[in-house]
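Numbering of ligands and ligand atoms starts at 1, following listing order.
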Amino acid sequence: MRLSRLLVLSAAGGTLAQSLLDILTAQSATLSTLTAWLTSQQLVYDILSNARGITLLAPSNTALTQLYTTPLVGQLALDPNLLTAFLSYHVLDGVYLASDFVNTPAAAVPTFMNMKAYSNVSGGQVIETRSQNGAVTFYSGNGVQSNFEKYDYNYVGGTLHIIDTALSIPSSLTDTLVAGGLTAAVGAIRRAAVETPLNMATDVTIFAPNNDAFDAIGSLVNNMTLEQLTKVLNYHVIPGKVLYSQLVPGDGSEVTAEGGSLNFKIQNGSLFVNSARVVAADVLIGNGVVHVLDGVLNPDNPTAVPDPNAATQEPAFNGASSTAGGVPFTSAVITTTSTATVPASSGASEPSVVPAAAPRRMAAVGAAGLLGGVVALVNWCV
Ligand SMILES: *[C@@H]1O[C@H](CO)[C@@H](O)[C@H](O)[C@H]1NC(C)=O
Ligand SMILES: *[C@@H]1O[C@H](CO)[C@@H](O)[C@H](O)[C@H]1NC(C)=O
Ligand SMILES: *[C@@H]1O[C@H](CO)[C@@H](O)[C@H](O)[C@H]1NC(C)=O
């Protein structure tokens, strides 16, 4: 389902005459920081002031103040392009009133962030929205969630909503997987030397097995040749398409980079890919979307079907088992979440992988942000 795009607002008389500046000024108690950031980029501010048919998701002062505890603000200060990208990510292409979001269960809404350095999603990077019981949540990079503080400030260019958490620019596939603790998938991608092509591609859908999934077939994946591993990994990639959850065919199939097809089924409130369950959906990345699986997909077993009533599924690789050697492929992958577990006194070294636009709360909620994100365990949206 798509959100309606209202190009003409039917607001009460008088409100249409308001400019963006009028709104920002009237709401200065909440939006003075954003106003300062916007006016520091005169070109962006001018474009925004003159734009028509847009929705501005305006982070509150509290939301932007929270960013000052992260490396992002320093990066924004040094890099005007990043600041432009950050600001344009908060501008939606179309006028969406709060009621449009409330009335749409799930949607990927295009933004104006379309600079190649920050987005390889055709038509511009999106935010994913979810509406449940009248509450709307916006999901951005690394599963960061934002909610309305206030909404429907209509003005001549469209409408403005105040949000409680700044949107996070989606980072690369591998940075996102590392942040989410999906280190086996990252290690496998690096072992097979497909990291660069995957990060450089335009428009991809990636099904990323979690660490338990790789662990369950440790006896087998550890012994795969590079060719075999690459074949398995390519079976997890749908090239040239960004299939957000609401676009995944509920009962259908899609062709993978490996050449074989994946079969989708919604059963018992979960989405299954062959026999693997999607345990977290719609994790946005710089060039598409990731859905996290509880099993590794087997290109030689495309007819594997799930037992929808079982909490966990048999691996799609017959006879494979866990090994004593630990989770496969993880030993060389350094995680950004280590700060949460390493004692402060240990002098833990700086994480070696820092997402380009480190979202706030990365250290605290890395995995939780992903796995507690747009979760699809029950009531899968179609
Ligand atoms: C987009 O792709 C180009 C290569 O075509 C790459 O240099 C750039 O880093 C990519 N950006 C993102 C956000 O993936
Ligand atoms: C698989 O690799 C393990 C070491 O990880 C080795 O002990 C085992 O013999 C190998 N099995 C096969 C079937 O090659
Ligand atoms: C769905 O699966 C759960 C176990 O994950 C099970 O307890 C429940 O009975 C199932 N529901 C239906 C409708 O099959």
Side-chain angles (χ1 to χ4, degrees), residues 41 44 57 67 70-76 78-93 108-128 138-144 146 166-180 182-183 185-190 192-208 233-234 236-244 247 256-257 281-292 333 336 351-360 362 366 369-370 373-374:
Q41 292 294 97
V44 175
L57 295 181
L67 291 181
T70 73
L72 179 61
V73 168
Q75 293 163 0
L76 290 171
L78 290 174
D79 184 353
N81 289 334
L82 179 61
L83 181 52
T84 300
F86 175 84
L87 294 172
S88 55
Y89 192 40
H90 288 76
V91 184
L92 310 184
D93 188 1
V109 185
T111 73
F112 277 91
M113 191 180 72
N114 52 17
M115 314 146 87
K116 260 212 151 298
Y118 302 100
S119 165
N120 282 323
V121 175
S122 298
Q125 182 56 277
V126 305
I127 59 165
E128 184 69 23
F138 302 110
Y139 293 87
S140 52
N142 286 299
V144 166
S146 309
L167 303 174
S168 170
I169 295 176
S171 42
S172 72
L173 168 69
T174 43
D175 285 351
T176 301
L177 295 179
V178 167
L182 300 169
T183 47
V186 175
I189 285 167
R190 289 186 180 154
V194 291
E195 179 173 16
T196 304
L198 282 179
N199 281 334
M200 291 296 194
T202 298
D203 294 339
V204 290
T205 303
I206 310 272
F207 293 95
L233 293 179
N234 283 339
H236 291 72
V237 178
I238 297 172
K241 276 190 188 180
V242 188
L243 292 175
Y244 305 105
L247 303 178
T256 66
D282 295 320
V283 182
L284 303 178
I285 55 174
N287 57 353
V289 69
V290 171
H291 306 294
V292 181
V333 181
T336 49
S352 74
V353 185
V354 179
R360 74 183 198 91
M362 177 67 82
L370 272 184
V374 193

Of the non-hydrogen atoms in Ile206 and Ile285, which two are nearest, and what is the gap between them?
-> CG1-CD1, 4.4 Å
Do any N or O atoms from the side chain of Thr205 and from the backbone of Leu243 form a donor-acceptor pair under 3.5 angstrom?
-> yes
Between the CZ atom in Phe207 and the CD1 atom in Ile238, the distance rounded to the nearest 0.5 Å is 4.5 Å
Between His291 and Asp282, the two heavy atoms sitting closest are ND1-N, 3.0 Å
Check: Gln125 side chain, Met115 main-chain N or O, donor-acceptor pair, under 3.5 Å = no
Is there a donor-acceptor contact under 3.5 Å from the side chain of Ser119 to the main chain of Lys116?
-> no
Can you pull the residues with any heavy atom under 4.0 Å from ligand 1?
-> Lys116, Ala117, Tyr118, Ser119, Asn120, Asn199, Met200
